[in-house]
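Along the sequence shown, residues carry numbers from 1.
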Amino acid sequence: MSDPSFEIDIDQAEQPIVLALDVGSTASRGALYDAAGRPAGKRAKRPHAFTTAADGTSTIDPDEVVAELTAIIEELLEQVGDTTVGGVAIDTFASSLVGVAEDGSPLTPCITYADARCADEVAVLREELDEADVQQRTGTRIHTSYLAPRLRWFAREQPDLAAQVSRWMSLGEYVLHRLIGTADPGTSTAAWTGLLDRRTGEWDEQLLEVAGVTAEQLGRPRDPSDTLTPVVDVGGRWPALAEARWFAPITDGFASNLGNGATGPDTVVASLATSGAMRVLIEGAPDTLPTGLWNYRVDDRRSLVGGALNDVGRAVTWAEETLRLPEERDGLDVILRAEPDAGTPLVLPFLTGERSTGWAGGARAAVTGLTVSHQAPEIFRALMEGVVLSYARLAVQLEEAAGAPERILASGRVGQDLPGLFALLAHAVGKPVTPVTIKRVTLHGTALHALEVLAPDVERAAPTTGDTEQPEADATRHFADRLARFEELYAAIVAPTPRH
């Protein structure tokens with residue numbers, strides 16, 4: 001369980017204090033952290049939702065997010081009194097895009113990671129480019145969530161608008177541009193565009209050309225130590241931030257690893273939120289990257305290796321809204337902890353397309369083995385087995401790239417609400433899974449990345465953890481069989497893997 005001593009009152013905080021902001025899929029959040037990385041005082045939250053449509057649209061109003069974060073900053077600063085804040089750090093969901101005019105106004109909504117309208121451009125680019133070479137240079141495949149196909153789509157669908165764009169920014173950059181008058185991407189944010197060389201940290205010239213964008217339009221990637229200098233009077237607006245250092249925005253994946261305490265190759269993080277991921281933070285970058293994974297440079301010495309899933313919490317929400325399931329989450333957890341059944345239907349859980357490991361953005365969910373005897377609980381269990389099998393596919397390639405981990409840490413709202421998912425995951429990957437029990441792991445990591453610069457010699461408080469879920473031999477054999485069948489079904493009905 002969570003240790004109450006991990007959270008402290010603001011008057012107990014050790015300087016410097018960091019104000020951390022996080023923009024997720026369902027809400028913007030903020031909290032204050034002291035030099036030991038402990039949350040100090042009350043957190044703040046403002047919910048929001050993506051605008052979606054059947055054509056693949058997934059957007060959010062960037063000015064809405066600016067307003068949310070402004071309100072959060074002011075709510076948090078009410079707690080600090082005369083205390084000076086040492087730094088402000090922000091993370092956002094990865095792979096976001098806002099087109100900004102020369103006068104600083106947004107020309108587009110914020111395009112989120114889940115927007116798939118550029119699927120046709122993905123197909124074209126996969127024919128034009130050697131995708132295997134692109135992946136080895138940038139750490140990313142050609143996919144709807146990355147900028148090359150998105151920018152091509154803008155140029156084709158809205159050429160007049162695209163011509164007016166002075167800067168293409170991530171959502172975090174746009175927020176900082178509005179708050180402090182200047183912005184550049186953090187290195188991890190730049191890497192998540194799919195346009196950054198994973199070894200050199202420079203923009204990839206070939207991909208800039210095919211995307212029709214210049215390096216100047218994307219800004220200068222900044223490592224955490226390369227902080228931003230406000231060009232507006234921040235102290236006049238918020239006196240407590242007069243001396244604060246402002247950090248370029250980072251991605252939620254990088255923040256999550258830091259916040260979970262997974263800072264080396266011995267520890268893999270499994271995130272179970274609206275979307276999901278498995279990641280490991282390593283020194284340098286793998287010489288050769290498996291085709292199903294990405295590799296994002298995060299600073300001049302480290303990179304993240306892993307893969308992402310579109311549908312984890314989203315799959316749970318769909319099931320709750322569509323199937324006649326028990327209203328209590330405890331009832332759902334009983335379903336997840338039931339003994340494996342070979343007669344359970346097999347599900348490819350691609351409700352909104354696939355990222356890792358096949359990168360088929362147009363993939364759709366599929367069910368096989370469904371009979372009239374199967375009721376809502378069995379269908380829910382089948383869907384969740386499909387989700388953990390997607391993690392198992394990632395785990396196989398992660399071990400190939402970074403070696404076998406000593407432990408898997410798991411976190412995220414979905415796992416906390418349904419801890420039976422942690423048990424299913426342990427069976428599927430055949431390794432113990434330990435849940436991290438602190439709240440707002442991503443916010444915690446966002447603060448820690450700033451504290452690596454502001455207070456490098458201060459010992460950090462360790463995140464608290466829950467009981468480890470152990471894999472059971474019979475269940476692991478069940479999932480090994482299911483994984484083989486999953487791959488057969490995937491090969492039969494999902495778009496073939498692109499040529500290499």
* To do: Could you tell me which non-hydrogen atom of T57 sits nearest to which non-hydrogen atom of D55, and how far apart they are?
  =>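 Looks like OG1-OD1, 2.7 Å.
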
Are a donor atom and an acceptor atom from the side chains of [X] and [Y] found within less than 3.5 Å of each other?
{"X": "S303", "Y": "N295", "answer": "yes"}
{"X": "D311", "Y": "T352", "answer": "yes"}
{"X": "T434", "Y": "R407", "answer": "no"}
{"X": "D223", "Y": "T187", "answer": "yes"}
{"X": "N260", "Y": "S411", "answer": "yes"}
{"X": "T189", "Y": "S170", "answer": "no"}

To the nearest 0.5 Å, tell me how far [X] [atom1] sits from [Y] [atom2].
{"X": "S356", "Y": "H143", "atom1": "OG", "atom2": "NE2", "answer": "8.0 Å"}
{"X": "T263", "Y": "I282", "atom1": "OG1", "atom2": "CD1", "answer": "13.0 Å"}
{"X": "L208", "Y": "L196", "atom1": "CG", "atom2": "CG", "answer": "9.5 Å"}
{"X": "R150", "Y": "F154", "atom1": "CZ", "atom2": "CZ", "answer": "8.5 Å"}

* To do: Walk me through it: do E216 and R167 pass the test salt bridge (Lys or Arg N to Asp or Glu O under 4.0 Å)?
  => CA-CA 8 Å; E216 290 72 25; R167 274 284 305 275; over 6 Å; no

If you define the side chain from C-beta out and look only at heavy atoms, does anything of [X] sit under 4.5 Å from [Y]?
{"X": "T344", "Y": "R482", "answer": "yes"}
{"X": "T92", "Y": "T251", "answer": "no"}
{"X": "L348", "Y": "I493", "answer": "yes"}
{"X": "P349", "Y": "S390", "answer": "yes"}
{"X": "I60", "Y": "V65", "answer": "yes"}
{"X": "L218", "Y": "L195", "answer": "yes"}
{"X": "T140", "Y": "Q135", "answer": "no"}
{"X": "I438", "Y": "H444", "answer": "yes"}

Below 4.0 angstrom, N of the basic side chain to O of the carboxylate: do [X] and [Y] qualify?
{"X": "E487", "Y": "R393", "value": "yes"}
{"X": "K45", "Y": "E68", "value": "no"}
{"X": "K431", "Y": "E469", "value": "no"}
{"X": "D133", "Y": "R137", "value": "yes"}
{"X": "R152", "Y": "E157", "value": "no"}
{"X": "D333", "Y": "R337", "value": "yes"}
{"X": "R199", "Y": "D197", "value": "no"}
{"X": "R301", "Y": "E283", "value": "yes"}

* Do Y174 and W168 have their ring centres less than 6.0 Å from each other? ->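 No, too far apart.
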
* Asked: Would a line drawn from the ring center of F479 to the ring center of Y391 be shorter than 6.0 Å?
  ->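 That pair fails the under 6.0 Å test.
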
* **Identified ring-ring contact (aromatic ring centres under 6.0 Å, His included) counterpart of W192 within the set W294, Y113, F93** =>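 Only match with W192 under ring-ring contact (aromatic ring centres under 6.0 Å, His included): W294.
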
* Asked: Centre of Y490's six-membered ring, under 6.0 Å away, within 45 degrees of the axis: is that where NZ or CZ of R485 sits?
  ->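 No, R485 does not sit over the ring of Y490.
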
* So does D287 have more than 12 non-hydrogen atoms from other groups sitting under 6.0 Å from CG? ->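 No.
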
* Asked: Among S25, S96, S58, which one satisfies side chain to side chain donor-acceptor pair (under 3.5 Å) with T112?
  ->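 Of all the options given, the one that passes is S58.
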
* To do: With salt bridge (Lys or Arg N to Asp or Glu O under 4.0 Å) as the test, would you mind laying out the steps for R329 and E320 before giving the verdict?
  => CA-CA 10 Å; R329 283 294 175 99; E320 289 177 321; 2.8 Å; yes

* Asked: Should L97 and L151 be marked as a side-chain contact (heavy atoms from CB on, under 4.5 Å) after you check the CA-CA gap, both sets of side-chain angles, and the distance that decides it?
  -> CA-CA 9 Å; L97 181 66; L151 293 171; 4.1 Å; yes

* **Check against side-chain contact (heavy atoms from CB on, under 4.5 Å), R29 and T26** => CA-CA 10 Å; R29 298 176 175 87; T26 60; 4.0 Å; yes

